[in-house]
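The analysis underlying the following values was restricted to heavy atoms, covering all of them including side chains, and did not include hydrogens, waters or symmetry mates. Model, not experiment: these values are computed from the prediction. Letters go in sequence order (proteins before strands), and every chain restarts at 1.
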Number of protein chains: 2
Amino acid sequence: MTDTDSSPTLERKRGSGVKMVYDLLRDEILDLVLPPGSPIDEVQLAERFKMSRTPIREALVRLAGEGLIDTLPNRSTMVSSIDFLNMHTFFDALVLMYRVTTRLAAQHHRPEDLQIIRARQAEFAAAVQAQDALAMIATNAAFHSAIAEAGRNTYFIGLFNRLLDEGRRMLRLYYQSYGDQLPQRFVDEHEDMITVIAARDVEAADQLAKVHAEQIVTQIKRLFTRDERLDIAL
Amino acid sequence: MTDTDSSPTLERKRGSGVKMVYDLLRDEILDLVLPPGSPIDEVQLAERFKMSRTPIREALVRLAGEGLIDTLPNRSTMVSSIDFLNMHTFFDALVLMYRVTTRLAAQHHRPEDLQIIRARQAEFAAAVQAQDALAMIATNAAFHSAIAEAGRNTYFIGLFNRLLDEGRRMLRLYYQSYGDQLPQRFVDEHEDMITVIAARDVEAADQLAKVHAEQIVTQIKRLFTRDERLDIAL
DNA sequence: TGTCGATTTCTTGTCGACAAATAAAATACA
DNA sequence: TGTATTTTATTTGTCGACAAGAAATCGACA
């Protein structure tokens with residue numbers, strides 16, 4: 001365990017403890033530092049962050065609310081497993097959210113949204129260029145999340161972000177062991193999407209998003225069928 | 001304050017306290033017993049349920065996670081307001097979820113699902129027959145929630161239930177003051193939906209759900225434009 | 001040796017109390 | 001009388017401790 005506490009006064013601001021634990025736990029779960037099934041021990045976290053169990057518990061309740069951890073009553077709590085059996089469920093929702101968020105972005109985006117989207121696309125292109133698979137996953141998710149934000153529908157944004165998180169977990173499970181690369185084609189498709197969004201061409205945006213999403217789903221399915229060690233995550 | 005505690009030993013089962021508070025708070029919020037903007041006092045709830053503040057706080061964290069209450073850091077927490085300005089956002093999501101859940105129900109339903117759906121429809125018809133507006137709202141939501149369950153996509157089920165909850169709050173805001181009735185037409189449309197779902201006619205299910213959803217949206221909009229005292233809920 | 005039951009242990013859920021942060025009230029000052 | 005500043009009060013966030021529940025360990029008995 002690394003102790004990065006160098007401050008002499010270890011007093012944190014009042015409400016920041018839970019957010020810190022929540023953010024860090026969340027990142028560790030999505031990055032598979034805590035793989036599915038990992039036990040979450042409250043007292044261990046408490047002494048790790050040098051705080052009481054109360055704020056730890058609040059962070060855990062939040063994570064449980066988002067489905068990132070599962071809590072057995074009166075028993076242990078652990079990182080939720082990835083549901084490989086109902087994968088089509090995930091794909092259905094992902095494709096639909098890709099489409100509807102891109103549609104709405106074409107309808108409701110403002111100039112400043114395009115700036116953000118283009119910045120995310122630049123980061124994604126850089127990650128592809130550098131063949132950094134992990135960065136590709138993160139920047140790709142950030143790109144589409146930015147598009148969803150431009151669509152300005154909080155309900156879709158919320159569901160979409162959850163799906164992107166889950167996808168980040170699944171992809172990382174495979175990319176970390178194979179080091180695949182997302183093809184340059186995705187970069188080009190992103191560029192096309194930006195173009196039609198800027199042109200406010202709703203139908204074209206929908207069509208592009210559909211093709212793009214199915215492309216990604218195909219890519220994921222290919223990874224899964226090629227590799228059969230699905231038993232890792234229970 | 002009514003004291004319904006008649007048991008001499010007021011010991012509850014270990015994990016049941018939070019669920020009880022959560023369920024009751026949730027119902028009171030959705031039924032507008034606690035209208036938007038109502039302050040939520042932890043100590044008051046603590047002595048009302050004769051328990052410590054800790055389980056109360058856990059229930060509140062969960063409710064905040066679902067967006068039913070808003071928490072100001074270090075200050076008060078109150079029932080979240082209904083966002084009338086971005087209503088179209090709600091309608092967009094509602095219509096889409098109506099369509100996709102009905103589609104999926106037509107695809108994936110099993111015989112036992114139809115039994116449940118028909119039971120919900122019977123309850124809805126009875127509420128319409130009795131001209132009980134509040135029961136109509138609840139049974140209509142339960143009917144469509146049952147269809148979503150038959151679709152077996154947890155992501156859509158989760159978002160749809162949230163939307164139905166929010167709709168329940170909005171409708172109750174108006175029905176409780178006007179005593180309107182949902183027309184018999186909705187009962188007939190429900191019957192048609194059951195028929196096409198049972199026949200596994202996906203496209204017809206989608207089309208019926210679309211018309212039905214837009215019908216409901218029109219109904220809600222009519223209520224809102226007819227009445228201009230939107231300032232009630234801030 | 002194997003099975004059932006009691007005991008121990010370990011984790012969670014709950015409690016009462018204290019401290020920090022903010023709002024409200026009271027006081028000082030022009 | 002109006003405004004700024006200090007004081008009080010109320011509410012939240014955090015803590016340490018205790019008790020309940022369930023798995024694990026141990027022991028009795030056939």
(request) Would you mind reporting whether A/Leu171 and A/Leu223 have side-chain heavy atoms less than 4.5 Å apart? (result) yes
(message) With side-chain contact (heavy atoms from CB on, under 4.5 Å) as the test, pick out the partner of B/Val21 among B/Leu25, B/Asp23, B/Val18.
(response) B/Leu25
(message) Can you tell me how the ring of B/Phe143 sits relative to the ring of B/His190, calling it parallel under 30°, perpendicular over 60° and tilted otherwise?
(response) parallel
(request) Provide, to the nearest angstrom, the distance between the NZ atom belonging to A/Lys13 and the C1' atom belonging to C/dA19. (result) 18 Å
(request) Mind calculating the distance between CD (A/Glu47) and P (D/dC15) to the nearest angstrom? (result) 14 Å
(request) Can you spot which of A/Val95, A/Leu94, A/Val100 makes a side-chain contact (heavy atoms from CB on, under 4.5 Å) with A/Met97? (result) A/Val100
(message) Under a 3.5 Å cutoff, is there a donor and acceptor pairing between the side chains of B/His108 and B/Asn153?
(response) no
(request) Provide, to the nearest angstrom, the distance between the CE atom belonging to A/Met78 and the P atom belonging to C/dT11. (result) 16 Å
(request) Specify the separation, in whole Å, of atom CE of B/Met20 and atom C1' of C/dG13. (result) 15 Å
Detail all sub-3.5 Å separations between protein N/O atoms and N/O atoms belonging to nucleotides 8-12 of chain D.
unit_1	atom_1	unit_2	atom_2	d
D/dT12	O2	A/Arg14	NH2	2.1

(request) Rounded to the nearest angstrom, tell me the gap between atom CE in B/Met51 and atom C1' in D/dC18. (result) 17 Å
(message) In this structure, how many angstroms lie between the P atom of C/dC10 and the CD atom of A/Gln44, rounded?
(response) 14 Å
(message) Can you see whether B/Ser145 engages B/Asn161 through a side-chain donor-acceptor pair at a distance of less than 3.5 angstrom?
(response) yes
(message) Between P on C/dT12 and CD1 on A/Ile69, what's the gap in Å once rounded to a whole number?
(response) 11 Å
(message) Please report the distance, rounded to the nearest Å, between NZ in A/Lys50 and P in D/dG16.
(response) 13 Å
